[in-house]
2 protein chains.
Amino acid sequence: MRQVPAKLASKLYGAAELIAERGLADAKVDEIADAAGIPKATLYYYFTGKDEVLAFLLADMLGLIAGEVGTAASAPGSARDRLESAVEAQLAVMLDHPAVCRALVGDLGRATRLPELAAALQEAFHRPIASLLAEGVSDGTLRLVEDPGAVALSIFGAITVTGLSAAVDGSSNDSAKDAARIAASICDLMLNGLATTPANPEGDR
Amino acid sequence: MRQVPAKLASKLYGAAELIAERGLADAKVDEIADAAGIPKATLYYYFTGKDEVLAFLLADMLGLIAGEVGTAASAPGSARDRLESAVEAQLAVMLDHPAVCRALVGDLGRATRLPELAAALQEAFHRPIASLLAEGVSDGTLRLVEDPGAVALSIFGAITVTGLSAAVDGSSNDSAKDAARIAASICDLMLNGLATTPANPEGDR
DNA sequence: TCATATCTTGAACTCCCAGTACAAACTATG
DNA sequence: CATAGTTTGTACTGGGAGTTCAAGATATGA
């Protein structure tokens with residue numbers, strides 16, 4: 001994949017709705033090119049095929065999210081507050097690009113190999129979240145958990161699936177507000193839990 | 001899609017690994033038929049194409065999970081205990097069929113339309129989990145939350161993404177044990193939360 | 001200013017493979 | 001046995017992904 005010029009990159013987002021709606025298999029290359037407003041030959045100059053177009057959108061999106069989450073996580077404030085910001089940041093990006101989210105979840109296997117995605121996510125999200133958890137233990141705003149990696153993955157899953165659900169359901173006109181509302185609900189769950197009795201110090205077996 | 005005989009159904013699972021590894025687009029129909037050990041003509045007698053084969057696997061899988069989760073949720077015991085059983089039940093089914101999970105997550109858009117999937121999940125999981133939450137409030141083992149639907153979705157997301165991650169990572173030789181371990185980690189998070197200070201009764205603003 | 005490299009695009013072409021057609025054999029079941 | 005449904009092999013075709021190529025446009029820089 002050649003270095004994609006910014007102008008072309010932004011045009012590609014115009015094809016996301018088509019891919020999301022019809023699926024990559026059903027969307028013809030000519031149609032994707034039309035939707036993006038670029039000639040098919042140009043598309044093939046930059047990409048080896050439609051799979052790579054989707055791969056580009058995935059990479060772009062991951063970069064965006066990683067940036068926002070990273071910023072939120074390294075801001076000043078308690079670890080707990082930063083965790084809440086990070087959750088909202090990921091949701092905000094997802095709800096800003098619902099069509100891309102739908103396109104990606106529908107054809108994820110054509111945009112990346114799953115093990116590679118897992119590794120990339122590990123790097124971009126689980127690690128920052130996991131270190132946020134560690135910092136929370138230090139500053140006293142979060143409790144110590146047994147397996148921070150697993151917790152980070154669970155949080156990521158809750159955010160992602162909730163965000164996808166919102167993207168699929170179609171949306172209101174104020175995605176930032178939606179993101180805040182959903183983030184609050186997730187954070188309430190993740191921070192306060194559902195139990196009425198406090199955690200059993202001997203473990204929850 | 002014709003009524004699929006049980007014998008054929010079980011054979012189809014034999015093609016899951018191929019589809020998971022290469023993706024539906026790259027796996028030729030003849031190869032899928034070979035992997036399943038059925039003639040291509042027979043495959044086309046029952047299905048309109050490879051998309052429908054994957055759709056069948058999805059439906060079968062959802063049925064399995066819904067059954068196990070439903071059983072766990074309606075067993076005797078406190079709502080909290082049943083919630084834990086339900087979490088483990090879904091993970092157990094997923095880890096029992098890692099290849100199907102990988103195949104589905106790679107080509108979800110070819111197995112179903114996403115809004116339909118969302119509706120089906122709503123019915124099969126979020127509803128039972130949401131009512132479990134309500135029962136928990138009644139029997140005093142779970143606290144009242146503002147938006148049970150959102151909480152149910154978050155829990156589902158945490159389970160699903162964690163389960164997929166385990167399926168992608170390849171696995172140990174004791175998937176039941178893995179499921180139990182992962183479930184315990186998720187339940188610890190969902191029940192006890194991460195906060196050190198108790199929930200603010202005025203809301204978490 | 002020219003030369004050279006890179007980008008942009010249209011158009012024609014190839015080849016693969018999903019899906020179809022069909023007929024013969026086989027199996028149930030009443 | 002008759003009839004309906006199932007199973008399977010083989011041959012075919014149509015569409016579309018991706019390739020090729022060449023001509024024009026645009027940049028780079030000497």
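A note on names: the letters A, B, ... follow the listed sequences, proteins ahead of strands, and every chain is numbered from 1.
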Could you tell me if A:Ser172 and A:Asp174 have a donor-acceptor pair between their side chains, going purely by distance under 3.5 Å?
no

Could you check whether A:Lys40 gets within reach of a base, just the sugar-phosphate, or nothing at all, counting any heavy atom under 4.0 Å?
base

In this structure, how many angstroms lie between the C1' atom of D:dG16 and the CG atom of A:Leu24, rounded?
13 Å

Would you say a side-chain N or O of B:Thr42 is under 4.0 Å from OP1 or OP2 of D:dT8?
yes

Rounded to whole Å, CD of A:Glu52 lies from P of D:dA17 at a distance of 16 Å

Looking only at the side chain of A:Asp30 (C-beta and beyond, no hydrogens), which of the listed nucleotides D:dA17, C:dA18, C:dT9 gets closest?
D:dA17

B:Leu54 CG - C:dA18 C1' separation (whole Å)
16 Å

Assign each of A:Lys28 and A:Ala41 the nucleotide of DNA chain D bearing its closest heavy atom; nearer the 5' end lies the nucleotide of A:Lys28

Measure the distance from NZ on B:Lys7 to P on C:dA28 and round it to the nearest whole Å.
10 Å

Winner on side-chain proximity to B:Val29, out of C:dG19, D:dT7, D:dT6, is C:dG19

To the nearest angstrom, how far is A:Ile38 atom CD1 from C:dC7 atom P?
15 Å

Return yes if some donor-acceptor pair links the side-chain N/O of B:Lys50 with the main-chain N/O of B:Leu24 below 3.5 Å, else return no.
yes

Distance, rounded to the nearest Å, where A:Tyr45 contributes OH and D:dG18 contributes C1':
17 Å

If you only use heavy atoms from C-beta on, which nucleotide in D:dT6, C:dT8, D:dA17 is closest to the side chain of B:Tyr46?
D:dT6

Between A:Arg110 and B:Ala25 (side chain of the first, backbone of the second, donor and acceptor by atom type, cut-off under 3.5 Å), is there such a pair?
no

Ignoring hydrogens and geometry, is there a side-chain-to-backbone donor-acceptor pair from A:Glu52 to A:Thr48 under 3.5 Å?
yes

Modelled atom types, side-chain donor and acceptor of A:Asp139 and A:Ser78, under 3.5 Å:
no

Atom-pair distance (CG on B:Leu8; C1' on D:dT6), nearest Å:
12 Å

Interatomic distance, B:Lys11 NZ vs D:dT8 C1' [rounded to whole Å]:
12 Å

On the nucleotide C:dT6, are OP1 or OP2 found under 4.0 Å from the side-chain N or O atoms that A:Arg2 carries?
no

Nearest to the side chain of A:Tyr44, which nucleotide is it out of C:dG19, D:dG18, D:dT7?
D:dG18

